[in-house]
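Here's the structure, in structure tokens; my notes come after.
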Amino acid sequence: MGKIRVGFGFDVHQLKEQHPFVLGGVNLEHHSGAFGHSDADVLLHAICDALLGAANLRDIGHHFSNTDERWRGISSLVLLQHVMKLLREKGWEINNIDAMVCLEAPKINPHIPAMQANIAQAAGIDADDISIKATTNEKLGFIGREEGVVAYAVCLIEKA
Ligand SMILES: [Zn+2]
């Protein structure tokens, strides 16, 4: 086996009423949605940060500044494609990703296969190498009050 590295990512976004909610590249039907400079896809951002961290390529804000007009409203799947280009330039490939989304509503379990397919296509990897899990926050704190959404991700990358 070649050299392997682990990476960790975290992200949080505010939820706003009547705002689109993009998660894992899927448009969720909901009364509120994640607010941010890009499409505010909290899951994709946590995954990108885990990948960048594993490859020691700084963080998502370093590559995609939230004051840069190029990234306003952009699909985070495009950001993931760019992150994968940076990783492959350093000779890294993804072994697997494991992610957790923390939100009170809506239920995302029915959308997980579509999210896995979106991420697999953007990253150029197998859908089976991407695990996405979801939990509520038991109505506690800002997640429980549906004021925000949080995602965590870990990944393993390897050099052939
Ligand atoms: Zn974000």
Side-chain angles (χ1 to χ4, degrees), residues 7-54 57 59-88 94 96-155:
F8 169 73
F10 164 83
D11 196 30
V12 56
H13 279 272
Q14 263 183 68
L15 291 172
K16 289 199 172 178
E17 287 296 328
Q18 309 298 325
H19 201 273
F21 198 170
V22 183
L23 194 63
V26 172
N27 282 290
L28 300 176
E29 291 285 336
H30 198 50
H31 61 82
S32 64
F35 176 78
H37 184 67
S38 64
D39 63 358
D41 191 324
V42 72
L43 174 59
L44 264 293
H45 294 178
I47 288 172
C48 285
D49 252 352
L51 293 167
L52 290 169
L57 284 164
D59 59 36
I60 196 168
H62 177 78
H63 296 279
F64 312 105
S65 163
N66 63 8
T67 59
D68 190 329
E69 286 303 312
R70 281 181 301 169
W71 313 123
R72 182 182 292 280
I74 197 169
S75 167
S76 295
L77 292 167
V78 175
L79 305 187
L80 177 60
Q81 285 173 340
H82 187 74
V83 165
M84 286 311 298
K85 184 170 167 283
L86 295 173
L87 256 73
R88 290 190 172 115
I94 294 174
N96 75 304
I97 295 166
D98 185 20
M100 173 74 87
V101 179
C102 309
L103 84 168
E104 215 60 38
K107 290 267 175 268
I108 69 158
N109 277 322
H111 303 290
I112 285 176
M115 294 177 187
Q116 287 171 309
N118 287 342
I119 294 163
Q121 190 180 27
I125 61 173
D126 249 31
D128 189 48
D129 293 330
I130 306 155
S131 154
I132 301 167
K133 312 187 297 299
T135 182
T136 71
N137 218 42
E138 296 289 339
K139 304 205 185 299
L140 295 168
F142 71 89
I143 299 168
R145 292 190 297 271
E146 299 187 45
E147 294 168 4
V149 54
V150 160
Y152 302 89
V154 293
C155 68

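The chain is numbered in sequence order, starting from 1.
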With a 4.5 Å cut-off on side-chain heavy atoms, are L23 and H111 touching? no
Here the gap from L77 atom CG to I47 atom CD1, rounded to the nearest 0.5 Å, amounts to 9.5 Å
inquiry  = How about OH on Y152, more than 12 heavy atoms from neighbouring residues, nucleotides or ligands closer than 6.0 Å, or not?
reply    = no
*Is the number of heavy atoms from other residues, nucleotides or ligands within 6.0 Å of CD (E29) greater than 12?*
no
**OP:** Output yes when a side-chain donor or acceptor of D41 lies under 3.5 Å from a complementary backbone atom of G25, and no otherwise.
**Re:** yes
The reported gap from CG in L43 to NE2 in H13 (rounded to nearest 0.5 angstrom) is 11.0 Å
Do L51 and L86 have side chains that approach each other closer than 4.5 Å (heavy atoms only, starting at C-beta)? no
Are I108 and M115 close enough, and set up right, to give a side-chain contact (heavy atoms from CB on, under 4.5 Å), and what steps lead you there? CA-CA 10 Å; I108 69 158; M115 294 177 187; 4.2 Å; yes
What one should report as the nearest heavy-atom pair of H19 and K16 is CB-O, 3.2 Å
Would one find more than 12 heavy atoms of other residues, nucleotides or ligands at under 6.0 Å from atom NZ of K133?
yes
Any side-chain heavy-atom pair of F64 and V83 under 4.5 Å: yes
> Is the CD atom of Q121 crowded by more than 12 outside heavy atoms at less than 6.0 Å?
Replying inline: no
- Task: Please answer whether the main-chain N or O of I60 pairs with a side-chain N or O of D49 as donor and acceptor at a distance below 3.5 Å.
- Result: yes
Between the side chain of D68 and the main-chain N/O of R70, is any donor-acceptor distance below 3.5 Å?
-> yes
- Going through the checks in order, is the side-chain contact (heavy atoms from CB on, under 4.5 Å) test met by D39 and L44? CA-CA 10 Å; D39 63 358; L44 264 293; over 6 Å; no
- Message: Using side-chain heavy atoms (C-beta onward) and a distance below 4.5 Å, is L52 in contact with H62?
- Response: no
Legend entry - Heavy-atom check, side chain of C48 versus side chain of H63, under 4.5 Å: no
When V12, T135, D11 are each screened for side chain to side chain contact (heavy atoms under 4.5 Å, CB included) with V150, the one that passes is V12
Q) side-chain contact (heavy atoms from CB on, under 4.5 Å) between H31 and E17: does it pass, once the steps are laid out? A) CA-CA 6 Å; H31 61 82; E17 287 296 328; 3.2 Å; yes
| Are the side chain of E104 and the backbone of N137 linked by a donor-acceptor contact shorter than 3.5 Å? | yes
Shortest non-hydrogen pair, A151 vs V42, comes out as CB-O, 3.6 Å
